[in-house]
Structure formats: structure tokens, C-alpha cells
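Keep in mind that this is a model prediction, so the values were computed, not measured.
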Amino acid sequence: MNATKIFITITMLTCLSAMQVLAQNPFINDQFTADPTARVFEGKMYVYPSHDVDCGTDWFCMKDYHVFSSENLVDWTDHGVIVDQEDVEWVDSNANAMWAPDAMERNGTYYFYFPAIADTNAGFRGRKIGVATSETPYGPFTPEPEPMEGVNGIDPNAFIDDDGQAYFYWSGGGIFGAKLNDNMLEIESETIRLDEEHPQSGLREGPFMFEREGIYYLTYPRVIENTEALVYATGDNPLGPFEYKGVFMDEHESGCWTNHHSIVNYEGQWYLFYHHNDYSPDFDKNRSIRIDSLFFDTDGSIKKVEPTFRGVGLTDATSEIQIDRYTDLSSSGASIAFLDTSDTFKGWKTVLSEENAWVQYNTVDFGERELEQVQARAKSGDGGTVLLKLNSIDGPVIAEIELPGNGSWSITETILGSFEPGVQDIFVELKDGGSVEIDWIRFK
Ligand code: FUB
């Protein structure tokens, strides 16, 4: 920035905002979500997760399913409940066991597959898998009156090969597969155990099948040490045999015991959808879904995916940029904390507590706009000066933000120096001052 530039700083006291920007990880910000199966239908991304709720018990409590859609993977629409345990004849509606689902389209009909515990009064027993159908990806879905015959277990997954043959996968003491009838409601072949030759230590569940360049990828969560990692095996046929290849996402450092995923190509890029327990660090049965980009090596092996907070997609410069969903942080003096530990859905704040501590947030889209100001919602006891830089920690300073030291959340507006718009990585660094907490920044 031009050294002679005069910064004008305006400070406004505000009350704590409950609004969350829909972007970054986790990407659903107002409810717990888990087991995300992503599907591209009608050119749009749809995500069918399961829905954790806190029932005050120490186990999963899952009563219904929502579906979410997005065109840019940043702004998500919640289409509401598509199937509720109360509405399925064969389901024990006291079991709260509507676990990981899947969805598939064939000939204009959408099939939603879901596991549940059967009601013995309805003549079924144990963990079964049901199907509900709809004319649209977002419902309304009508459940079939009975669960699928010959399928006992959890975590359904459907796959249609290029030749039109459909397949069905599930877990329960191993990973299983069978051909699916054209009506998408019944399996039509014998059931095959697909993981028999794979390492047998650790629970395996949640199969997800996809094909890329003639290779069939059987992917699933597997406990390696203490919790579930994501692993894969490859074959040249949808029912195997599959050669075990190893881990493509490590166990979560947080100790979240489960992981569950799907892999999908959208507009030329592969994405991994998975879950973590971001909004519930002390109870890993209340989970939250995430997206990260996934890449392949030239030999078709899946490159390991490092979970990120930044997630995917461009962040509009004029939205509230949650820099706590950072790309990188300085090794000391920078940390992240909940804004309100009694309501974690209010999100996080970035704490810079040492001179030169910084946070990096990538791919902010300034478009072609010539923006004039940056707003920072922040709080500081003693006040502090924060530098806003572009491209690298040694990059050009485009604003020097003077945060007041009144100990209250307030929005500070600072005039920006000139810079090329377009897509930029931003760095926020504490120049001097005691400690500052930043909720978000936004350009105007
Ligand atoms: O969400 C309940 C269960 O936890 C799923 O069915 C498993 O895959 C695991 O994520």
C-alpha cells in the first residue's frame, strides 16, 4: 500500500450476529449432519446426509433425513425433511436409527435408500434397508411399504454402470454387494462378500462405489488404530475382486470415531464429502458434514486428502469471510475458538495474541469490483493494529485496521489501498497490540 495513504477508521458497536455464511467446513451450519452422500442430479449437487440430533442419550439419535442442494458448493439450500421414521410402515419409530442413506436416479425416478431398525410388529426383524421414491431429487418421497428383501445391514449404496446394470452395496459384519434389478427396488443376484481378502482388523462399513477411467473404486471407512479412516480398493468389475490399496483419509485427530463419505465429480473436479464433529467436540455422535477436493495420481491411485476448514469454492469478497475457516495459521500466537461455547452453531473466531501472528484464507473472489473498504467484526481489550495483505505473508498491505480497545464486539471500517481485484488469497496479521479476536471480515 502507498505509505502516504490515509486510513479512515469508523467503529460501530454491534450486537453479536447469529447469521452464518454458508460456506467452508462444515458446510451445513444450523443442524448436525453426517454420512453425506453427494449426487449430481439435473446439473446440481445434491447431498443426502443423515441427521444427528441430541436426544440427551450417549448414542446416535437419528429420526429423519433432509436433502440439501447447491450449484456452487458454497450456498446450500435445505429442502427440508424428505423421509421421517414416523412415516415408514416397517420402521420401529422409537429406534431413532435412520443411519447413512444414499440416492440414485433411474429413468426419471429418484430412489432414496435408507437403513433403519425394523418394527417386529410389522413382521420384520433387525437392521433392514428401505427405499422411498420421488419424481424429483428433493421429494416428496414415498416409502415402499416393506424393506428390501435379502438385504440385512446398514449403509446402502447404489451404483449404475455405463452399460445400465445397477449394483447395490451395504455393510454389516463386512462389505457386501449384489446386482440390483432394473426396478431399483430388489437385488437380483446372489450376495457377494467384497472385502474378504482385505485386512480384517478393525470395523468396516459405509461402502461407496464409483468408477473412473475403467477402474472401479470400492471405498469404505475402516478402523485402523482407534477410529475410522477412509480406505479404498480397486477392481475391473463392479463386484470385484477388489485389491486393497490403503488409506486416503487418516483417522480424525479430534477422536471423532466415525467417518463416512462419498466421492463425486462435479464440473470436472473430484470432491470428497465426509463428516467430522466440528460443532460438537465433546460428543462425536453429533456430527457435521464437510467437502474437500480429491485428486488422483496418474496410475489412478487416490491421493491422500487432508481435511481442511477452508473447504472448497470461491468466497465472495463482499460476504462475511469467516477467516477462522482458515487455509493456514502462523505456528504461534494464532488460534481458533468458539464464539459462544453454549451455542456452537454461532461459529468460531480467530484469536491473534502475539505480534506477527497471522491467518491465511485462500480464494476470495473480488470479481472485477473496485472495492473501497474492509469491515472487520472484532473485539480487543487493549486495541491492536491488524494488517491485511494479499498473496503471501510478505505480500502487499492493502489495509491497516485499527481495532479499538473497548473489549466489545464492534465493526471497524477501513479504507482499502488499491490492488488488482480477481481471486486473491488474503492474510490477516497482528502488527501490534495485545490480543485481538476477529469474527469475520468483509469488503465493500
Ligand atoms: O451414522 C450412523 C453410522 O455411523 C453410519 O451408518 C455409519 O457409517 C457411521 O457413520
Colleague: Are S262 and V264 side-chain neighbours, meaning at least one heavy-atom pair lies under 4.5 Å?
Modeller: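 The answer is no, as the side chains (C-beta and beyond) never meet within the 4.5 Å cut-off.
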
Colleague: Parallel, tilted or perpendicular: which fits the ring planes of Y216 and F159, with parallel below 30° and perpendicular above 60°?
Modeller: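 Y216 and F159: perpendicular rings.
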
Colleague: Kindly determine whether K389 and E429 satisfy salt bridge (Lys or Arg N to Asp or Glu O under 4.0 Å), including the steps that lead there.
Modeller: CA-CA 8 Å; K389 300 177 177 178; E429 181 185 17; 2.5 Å; yes

Colleague: Please say which of F248, F296, F242 ends up in a ring pair (Phe, Tyr, Trp, His ring centres under 6.0 Å) with Y217.
Modeller: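 Of F248, F296, F242, ring pair (Phe, Tyr, Trp, His ring centres under 6.0 Å) with Y217 is met by F296 alone.
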
Colleague: Going by the angle between their ring planes, with limits at 30° and 60°, are F443 and F366 parallel, tilted or perpendicular?
Modeller: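 Ring orientation, 0 to 90° scale: perpendicular.
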
Colleague: Quick check, are the ring centers of F32 and Y279 under 6.0 angstrom apart?
Modeller: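 When the ring centroids of F32 and Y279 are compared, they turn out to be at least 6.0 Å apart.
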
Colleague: Report the residue from R287, K63, K285 that forms a salt bridge (charged side-chain N to carboxylate O under 4.0 Å, His left out) with D52.
Modeller: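 In the set R287, K63, K285, the residue that makes a salt bridge (charged side-chain N to carboxylate O under 4.0 Å, His left out) with D52 is R287.
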
Colleague: For S70 and N72, does a side-chain donor sit closer than 3.5 Å to a side-chain acceptor?
Modeller: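 S70 vs N72: donor-acceptor pair found between side chains.
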
Colleague: Does the plane of the ring in Y138 sit parallel, tilted or perpendicular to the ring in Y46? Use 30° and 60° as the thresholds.
Modeller: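 Y138 vs Y46 ring planes: parallel.
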
Colleague: Calculate, to the nearest 0.5 Å, the distance between atoms CD1 and OG1 belonging to I401 and T412 respectively.
Modeller: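 If we round to the nearest 0.5 Å, I401:CD1 and T412:OG1 are 8.0 Å apart.
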
Colleague: Is the closest side-chain donor-acceptor distance between H276 and S288 under 3.5 Å?
Modeller: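 Short answer, no.
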
Colleague: For the atom pair CH2 (W170) and CG (L194), what is the distance rounded to the nearest 0.5 Å?
Modeller: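 Going from the CH2 atom of W170 to the CG atom of L194 covers 8.5 Å.
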
Colleague: Let me confirm one number: the CG-SG distance from N96 to C55, rounded to the nearest 0.5 Å.
Modeller: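 Result: 5.0 Å between the selected atoms.
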
Colleague: Tell me, do L352 and E437 make a side-chain contact under 4.5 Å, heavy atoms counted?
Modeller: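 Sidechains of E437 and L352: no contact.
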
Colleague: Between Q200 and D195, does a side chain to side chain donor-acceptor pair (under 3.5 Å) hold up when you go through it step by step?
Modeller: CA-CA 8 Å; Q200 290 299 298; D195 63 328; 4.6 Å; no

Colleague: Verify the distance criterion only: is there a donor paired with an acceptor across the side chains of N94 and Q85 at less than 3.5 Å?
Modeller: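 Judged by distance alone, the side chains do not pair up.
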
Colleague: Anything under 30° is parallel, anything over 60° is perpendicular, the rest tilted; go ahead and classify Y271 against Y266.
Modeller: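 Rings of Y271 and Y266: tilted, as their planes differ by 30° to 60°.
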
Colleague: Which label fits F427 and W358: parallel for a plane angle under 30°, tilted from 30 to 60°, or perpendicular past 60°?
Modeller: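 Ring orientation, 0 to 90° scale: tilted.
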
Colleague: Is there a donor-acceptor contact under 3.5 Å from the side chain of S134 to the main chain of P140?
Modeller: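 It does hold such a pair.
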
Colleague: Is the shortest side-chain heavy-atom distance between T363 and D425 below 4.5 Å?
Modeller: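 Answer yes - side chains close enough.
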
Colleague: Taking only Lys NZ, Arg NE, NH1 and NH2, and the carboxylate oxygens of Asp or Glu, determine whether E188 and K179 approach each other closer than 4.0 Å.
Modeller: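 Salt bridge between E188 and K179, a charged N being under 4.0 Å from a carboxylate O: no.
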
Colleague: Do W409 and L339 have side-chain heavy atoms sitting under 4.5 Å apart?
Modeller: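 Touching, per the 4.5 Å side-chain cut-off.
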
Colleague: Are the side chains of V67 and Y48 in touch, meaning some heavy atoms are under 4.5 Å apart?
Modeller: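 When only atoms from C-beta onward are counted, Y48 and V67 do touch, with a gap below 4.5 Å.
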
Colleague: Does E413 come within less than 4.0 Å of K444, counting only side-chain N to carboxylate O?
Modeller: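 Yes, E413 and K444 are salt-bridged.
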
Colleague: Relative to each other, are the rings of Y220 and Y244 parallel, tilted or perpendicular (30° and 60° limits)?
Modeller: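 Judged by the thresholds at 30° and 60°, the geometry between Y220 and Y244 is tilted.
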
Colleague: Can you say whether the rings of H260 and H275 are parallel (under 30°), tilted (30 to 60°) or perpendicular (over 60°)?
Modeller: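 Rings of H260 and H275: parallel, as their planes differ by under 30°.
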
Colleague: Quick one: does E251's side chain have a donor or acceptor within less than 3.5 Å of a partner on T227's backbone?
Modeller: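 Yes, because the side chain of E251 sits within donor-acceptor range (under 3.5 Å) of the backbone of T227.
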
Colleague: Could you label the plane-to-plane angle of the H261 and F208 rings as parallel, tilted or perpendicular, counting under 30° as parallel and over 60° as perpendicular?
Modeller: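 It falls in the perpendicular class, over 60°.
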
Colleague: Test the R325-Y361 pair against the cation-pi criterion, namely NZ or CZ under 6.0 angstrom from the six-membered ring centroid and within 45° of the ring axis.
Modeller: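 No, R325 does not sit over the ring of Y361.
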
Colleague: Do the rings of W90 and F114 sit parallel, tilted or perpendicular, given the 30° and 60° boundaries?
Modeller: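 W90 and F114: parallel rings.
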
Colleague: Spell out, as yes or no, whether a donor-acceptor pair under 3.5 Å connects the side chain of E186 to the backbone of D182.
Modeller: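 No.
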
Colleague: Can you spot which of D292, N362, D328 makes a side chain to side chain donor-acceptor pair (under 3.5 Å) with T308?
Modeller: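 With T308 as partner, D292, N362, D328 yield a single side chain to side chain donor-acceptor pair (under 3.5 Å), made by D292.
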
Colleague: List the steps, then state whether ring pair (Phe, Tyr, Trp, His ring centres under 6.0 Å) holds for W76 with F68.
Modeller: CA-CA 6 Å; W76 290 88; F68 302 85; 7.5 Å; no

Colleague: Measuring centre to centre across the rings, with the benzene-like ring taken for any Trp, is Y113 within less than 6.0 Å of F168?
Modeller: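 Yes, they do, as the ring centres are separated by less than 6.0 Å.
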
Colleague: Compute the centroid of each ring, for W270 and then for F295, and state whether the two points are separated by less than 6.0 Å.
Modeller: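 They do not qualify: ring centres at least 6.0 Å apart.
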
Colleague: Is the closest basic N to carboxylate O distance between D340 and K346 below 4.0 Å?
Modeller: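 Salt bridge: yes.
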
Colleague: With side chains defined as the heavy atoms from C-beta onward, is the minimum distance between T33 and H66 less than 4.5 Å?
Modeller: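 No. Closest side-chain heavy atoms not under 4.5 Å.
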
Colleague: Give a yes-or-no answer on whether the side chains of D119 and S93 include a donor-acceptor pair shorter than 3.5 Å.
Modeller: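 No pair is found: no donor N or O on one side chain lies under 3.5 Å from an acceptor on the other.
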
Colleague: List the steps, then state whether salt bridge (Lys or Arg N to Asp or Glu O under 4.0 Å) holds for D278 with R290.
Modeller: CA-CA 9 Å; D278 292 302; R290 292 176 163 206; 2.7 Å; yes

Colleague: Are R127 and W99 in a cation-pi contact, defined as NZ or CZ under 6.0 Å from the six-membered ring centre and within 45° of the axis?
Modeller: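 Output yes; distance and angle both within limits.
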
Colleague: Salt bridge check, D92 against K128: does any charged N sit closer than 4.0 Å to a carboxylate O?
Modeller: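 A salt bridge is absent here (no side-chain N lies under 4.0 Å from a carboxylate O).
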
Colleague: With side chains defined as the heavy atoms from C-beta onward, is the minimum distance between M209 and N157 less than 4.5 Å?
Modeller: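 Yes - at least one pair of side-chain heavy atoms lies under 4.5 Å apart.
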
Colleague: Using atom types as modelled and distance alone, determine if a side-chain donor or acceptor of E196 lies under 3.5 Å from a backbone N or O of I175.
Modeller: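 It does not hold such a pair.
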
